[in-house]
Amino acid sequence: MRTLRITGVVLICLAALTAVALAHTPIFLTPGRAHPPIRNPAQSWAIYGRLPPGKTADLIPMEAQSGQPFRLKLLVPQGQGAFCPRTVLMGPDLQGEPPPSTGLRSGLPGDMPPYPGRPSEPPLTPGPYHGAYTLLEPAGPPEFYEQFTQIRYNVCGEASYSFPTDGRYQLVIYDPAREGGTYTAALGQEERFGLADALLFPLTWARVHVWLWR
Amino acid sequence: MIGPLLGLALGGWVYAMLWGLVWLAGRVVSVPPSLRWTLPWLLFQTYIVGGLFVTGDLPGAPAAVLKFISLVGGFSLVFGVAARYRQGEAAAAGPAAWLAAGLGPWLIALAAEWL
């Protein structure tokens, strides 16, 4: 019984240490496959993506409501040289120049690929009455240590805004240098973490490291 | 912050209890002590490797499997050496038993990379 007690105490100490970090629900993007829309972009999500070399982009659709917060931090695991993907938010009512404090600027970047992958796919342009905001270079600290998964990241951009109207928005993430690499998009800030998440945590940790070490 | 803390603390307890239950079941059915201590480690690694297959993360990532083999191998070795220095039945499970239990599922995953 003494061993059991010691094991329990050790596990609780480990749990307390890791819980200092924020809890994000993980999403693993499959290259070349469209991801279903994120229904609640205000909830905390950690989107793990891998851009292949070339003119490709990852698309992350979101169903948002007017006034819902849009928080995004684009992170790149360290050790990938100068890899720093660009992020564009496209959707309804994204018109006019947002304040610089939002971390966004109006308009589409000129180096964005015209299609997500193959030219047979729908082009990457905002529809009628839609607009696009691009993430600015980060103003805050360039490094970020994620304690849940023990990964050290470079911050490639950070945005804080409110969705202006109800509708379907889309995050476009691509590499202007066309070299590709791995990234994590930390979206939202409403934490949801229960017993099921805790029980699945060892598997989630392993999935994140397979994504990183692949 | 209390949500994640509570969730992980509860999760930790559940894993600790599962570990204890497997150990206890081993005692009831008279499993040899070396196996009694390492069976929960084998089941835990089977859960991870099996989960990675179910989610589709494996196969297709041989570099990641090799890194996991070195990581799990390192932990297994530490547990095995620590067990050697313990008194009682835990000492029956040495480094070889811990390594076999920890690495078994990962070696199967590595073999699947070539199939």
Side-chain angles (χ1 to χ4, degrees), chain A residues 1-31 33 43-44 46 48 50 77 146-150 182 189-214, chain B residues 1-24 36-37 40-41 43-72 79 82-83 86-90 105-106 109 113:
Chain A
M1 284 312 284
R2 189 169 160 265
T3 310
L4 271 180
R5 278 201 298 272
I6 292 169
T7 310
V9 168
V10 168
L11 283 170
I12 283 183
C13 290
L14 282 174
L17 279 174
T18 51
V20 174
L22 292 178
H24 284 72
T25 306
I27 293 174
F28 294 88
L29 296 181
T30 310
R33 194 183 299 169
Q43 189 191 323
S44 287
Y48 297 95
R50 175 180 295 274
E146 210 285 303
Q147 296 177 56
F148 248 114
T149 49
Q150 296 93 41
T182 53
Q189 59 177 178
E190 284 174 15
E191 290 178 44
R192 287 191 186 175
F193 194 89
L195 182 59
D197 299 294
L199 288 176
L200 286 172
F201 179 70
L203 180 58
T204 303
W205 190 93
R207 292 192 73 191
V208 170
H209 282 78
V210 169
W211 160 82
L212 185 70
W213 293 337
R214 184 177 280 274
Chain B
M1 193 55 70
I2 193 74
L5 183 69
L6 215 64
L8 278 171
L10 280 171
W13 269 113
V14 173
Y15 275 109
M17 281 192 292
L18 285 175
W19 188 290
L21 276 176
V22 174
W23 178 83
L24 206 62
R36 209 180 293 159
W37 281 86
W41 187 232
L43 291 177
F44 183 69
Q45 297 305 328
T46 306
Y47 153 64
I48 299 290
V49 173
L52 290 173
F53 273 100
V54 168
T55 55
D57 293 289
L58 291 181
V65 172
L66 287 173
K67 282 193 177 175
F68 268 104
I69 284 175
S70 60
L71 185 73
V72 174
F79 292 156
R86 277 187 60 85
Q87 300 295 313
E89 64 162 49
W106 289 103
E113 295 290 341

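Keep in mind that the numbers below use all heavy atoms, side chains included, and drop hydrogens, waters and symmetry copies.
- At a 4.5 Å heavy-atom cutoff, the contact between A:Leu200 and chain B is made by backbone and side-chain atoms alike.
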* Stepwise side chain to side chain contact (heavy atoms under 4.5 Å, CB included) check, B:Tyr15 with A:Leu199 -> CA-CA 8 Å; B:Tyr15 275 109; A:Leu199 288 176; 4.0 Å; yes

* Please step through side chain to side chain contact (heavy atoms under 4.5 Å, CB included) for the pair B:Ile48 and A:Trp205, ending with a clear verdict. => CA-CA 10 Å; B:Ile48 299 290; A:Trp205 190 93; over 6 Å; no

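- When heavy atoms are compared at a cutoff of 4.5 Å, B:Leu66 does not approach chain A at all.
- Residue with the most contacts toward chain B among A:Val210, A:Thr30, A:Leu212: A:Val210 (heavy-atom pairs, distance under 4.5 Å).
- Judged by distance alone, with hydrogens and angles left aside, the side-chain atoms of A:Arg207 form no donor-acceptor pair with the main-chain N or O of B:Gly51 at under 3.5 Å.
- Contact of B:Phe68 with chain A is made through backbone and side chain together, with heavy-atom distances under 4.5 Å.
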* Asked: Should B:Tyr47 and A:Leu203 be marked as a side chain to side chain contact (heavy atoms under 4.5 Å, CB included) after you check the CA-CA gap, both sets of side-chain angles, and the distance that decides it?
  -> CA-CA 8 Å; B:Tyr47 153 64; A:Leu203 180 58; 3.6 Å; yes

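- Of all heavy-atom pairs between A:Arg214 and B:Ala63, the closest is C-CB, 4.5 Å.
- Most heavy-atom pairs under 4.5 Å with chain A, from the set B:Val14, B:Val49, B:Thr55: that is B:Thr55.
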